[in-house]
Amino acid sequence: MGANKKNNNNNNNKARRKHDVQPVLLGVPDGRVEHDTDAYVTKLGGVPIWLQPDTPPSKSVCTCKNCGQLQYLIFQGYVPLPESIYHRVIYVWACNRRECMRKPTRYIRYTPKTG
């Protein structure tokens with residue numbers, strides 16, 4: 001009977017842990033953010049920094065295939081390949097318009113490769 005009571009206590013503790021409130025850490029700006037011009041940086045949102053700023057890709061790269069409007073930059077990450085002579089940056093774009101939300105083409109990834 002003692003083992004049964006112990007198992008019930010363990011199950012109750014597991015159920016409580018599922019509903020425990022976890023602390024949330026928020027990042028807030030603590031000063032002016034300078035415009036970044038380093039293409040080898042990983043960042044969330046903002047304006048893309050192209051590897052070759054003199055020859056940026058066409059607007060079709062960041063245009064929603066559903067509604068034809070420009071998308072928002074979600075992520076830009078510098079992701080070099082090991083032992084490669086090429087630099088690689090991945091850009092992730094997404095459309096936030098209601099009519100595009102559940103369509104599979106609402107986001108695109110663009111990965112240019114340059115030497």
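Numbers for residues simply follow the sequence, beginning at 1. What you see below is based on every heavy atom in this structure, not just the backbone, and it leaves out hydrogens, waters and symmetry mates. Just so it is clear, the model here is predicted, and its values are computed rather than measured.
Annotation: the span from Gln69 atom CD to Cys62 atom SG amounts to 11.5 Å, rounded to 0.5 Å. Put simply, SG on Cys95 and NZ on Lys65 are 11.5 Å apart, with the number rounded to the nearest 0.5 Å.
Inter-residue side-chain proximity for Thr63 and Leu70 is flagged as met; some heavy-atom pair is nearer than 4.5 Å. Annotation: side chain of Ile90 is not in contact with side chain of Gln76 (no heavy-atom distance under 4.5 Å). Residues Arg97 and Cys67 meet the side-chain proximity criterion, which asks for heavy atoms closer than 4.5 Å. In this structure the side chain of Trp93 never reaches within 4.5 angstrom of the side chain of Ile74, judged on heavy atoms.
Under a hydrophobic-cluster definition in which Ile, Leu, Val, Met, Phe, Trp and Tyr are linked whenever side-chain heavy atoms come within less than 4.5 Å, directly or via other members, Ile49 and Tyr78 are assigned to different clusters. One hydrophobic cluster, built from ILVMFWY side chains closer than 4.5 Å, holds both Trp50 and Tyr40. Placement of Val79 and Val92 within a single hydrophobic cluster is found when ILVMFWY residues are connected by side-chain heavy-atom separations under 4.5 Å, directly or transitively.
The heavy-atom pair separating Pro53 from Pro56 by the smallest distance is O-CD, 3.4 Å. The two atoms that bring Val41 and Asp38 nearest to each other are CG1-O, 2.9 Å, heavy atoms only. Smallest separation of non-hydrogen atoms from Cys100 and Asn66: SG-CB, 3.6 Å. When every heavy atom of Ala39 is checked against every heavy atom of Leu51, the shortest pair comes out as CB-CD2, 3.8 Å.
The environment of Phe75 atom CZ is dense: over 12 non-hydrogen atoms of other residues, nucleotides or ligands sit within 6.0 angstrom.
The backbone N or O of Pro80 lies less than 3.5 Å from no partner atom in the side chain of Arg88, so there is not a single donor-acceptor pair.
Every residue meeting the side chain to side chain contact (heavy atoms under 4.5 Å, CB included) condition with Ser84, not counting sequence neighbours, appears here in chain and number order: Leu81, Tyr86.
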